[in-house]
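Have a look at the structure below, then the notes.
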Amino acid sequence: MRQTPLYYYSSASGLVRSFAERLERPVFNLAEREHRLSEVDGPWVLLTPSYKTGNDSNDTIPEAVRRFLRSEVNRRGLVGVMGSGNRNFGQHYQMAAREIARRSGRPMLFEFELAGTPWDVAEGRDILERLDEALFTAHQPAPGR
Ligand SMILES: Cc1cc2nc3c(=O)[nH]c(=O)nc-3n(C[C@H](O)[C@H](O)[C@H](O)COP(=O)(O)O)c2cc1C
């Protein structure tokens with residue numbers, strides 16, 4: 001069964017990367033140019049932190065994520081969004097992930113803080129395994145045909 005790949009952005013502090021690398025599936029860091037400029041060959045999941053900029057628009061979506069989503073192929077293949085944030089940011093908590101989910105019409109699959117607890121990692125693995133199965137089943141021919 002195909003393991004749905006996860007594309008994430010992580011800054012120098014590396015909290016999201018730490019979470020992503022514990023998922024035990026193919027994960028790609030959009031901070032790396034090679035991945036940021038690539039196009040995905042099928043369904044994939046986005047994991048993004050939020051970064052409040054402090055300017056008027058208070059834009060929180062990392063530029064690398066924006067760049068990756070400029071590709072129509074990537075936009076079409078996106079099946080769900082996960083977010084890492086920090087509740088100290090109050091009303092801006094998870095703003096980037098939630099905005100992408102809203103604008104793309106894709107479900108928000110999971111939200112956690114910082115690098116995630118061991119429980120968060122286990123939950124993230126479970127959610128992605130269930131997604132793999134659902135995508136696999138959706139591609140099987142209907143019984144009796
Ligand atoms: C300057 C700055 C701004 C942030 N803005 C937000 C925010 O608006 N909303 C939020 O939920 N978390 C915010 N965070 C928390 C980060 O999204 C969170 O720590 C994330 O795990 C960072 O992942 P990374 O270390 O992989 O880049 C901010 C963190 C920093 C340092």
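Just follow the structure's listing: the first ligand is 1, and inside any ligand the first atom is 1. Values below: all heavy atoms of this structure, side chains included; hydrogens, waters and symmetry mates excluded.
- Within 4.0 Å of ligand 1, contacts by protein heavy atoms are made from Ser10, Ser11, Ser13, Gly14, Leu15, Val16, Pro49, Ser50, Tyr51, Lys52, Thr60, Ser84, Gly85, Asn86, Phe89, His92, Tyr93, Gln94, Leu114.
- Applying the ring-ring contact (aromatic ring centres under 6.0 Å, His included) rule to Phe68 yields the partners Tyr7, Trp44; only residues at least two apart in sequence or on another chain are considered.
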For residues 121-128, tabulate all N or O donor-acceptor pairs below 3.5 Å that involve a side-chain atom, not counting sequence neighbours.
unit_1	atom_1	unit_2	atom_2	d
Arg125	NE	Arg22	O	3.0
Arg125	NH2	Arg22	O	2.8

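- Between Ser11 and Tyr51, the side chains place a donor N or O and an acceptor N or O closer than 3.5 Å (distance only, hydrogens not considered).
- Between Asp132 and Arg25 there is a salt bridge, with a side-chain nitrogen of the basic residue lying less than 4.0 Å from a carboxylate oxygen of the acidic one.
- With side-chain heavy atoms closer than 4.5 Å counting as contact, directly or through intermediates, the hydrophobic cluster containing Leu114 also holds Leu15.
- When all heavy atoms are compared, the tightest approach of Ala64 to Tyr9 is CB-CD1, 3.7 Å.
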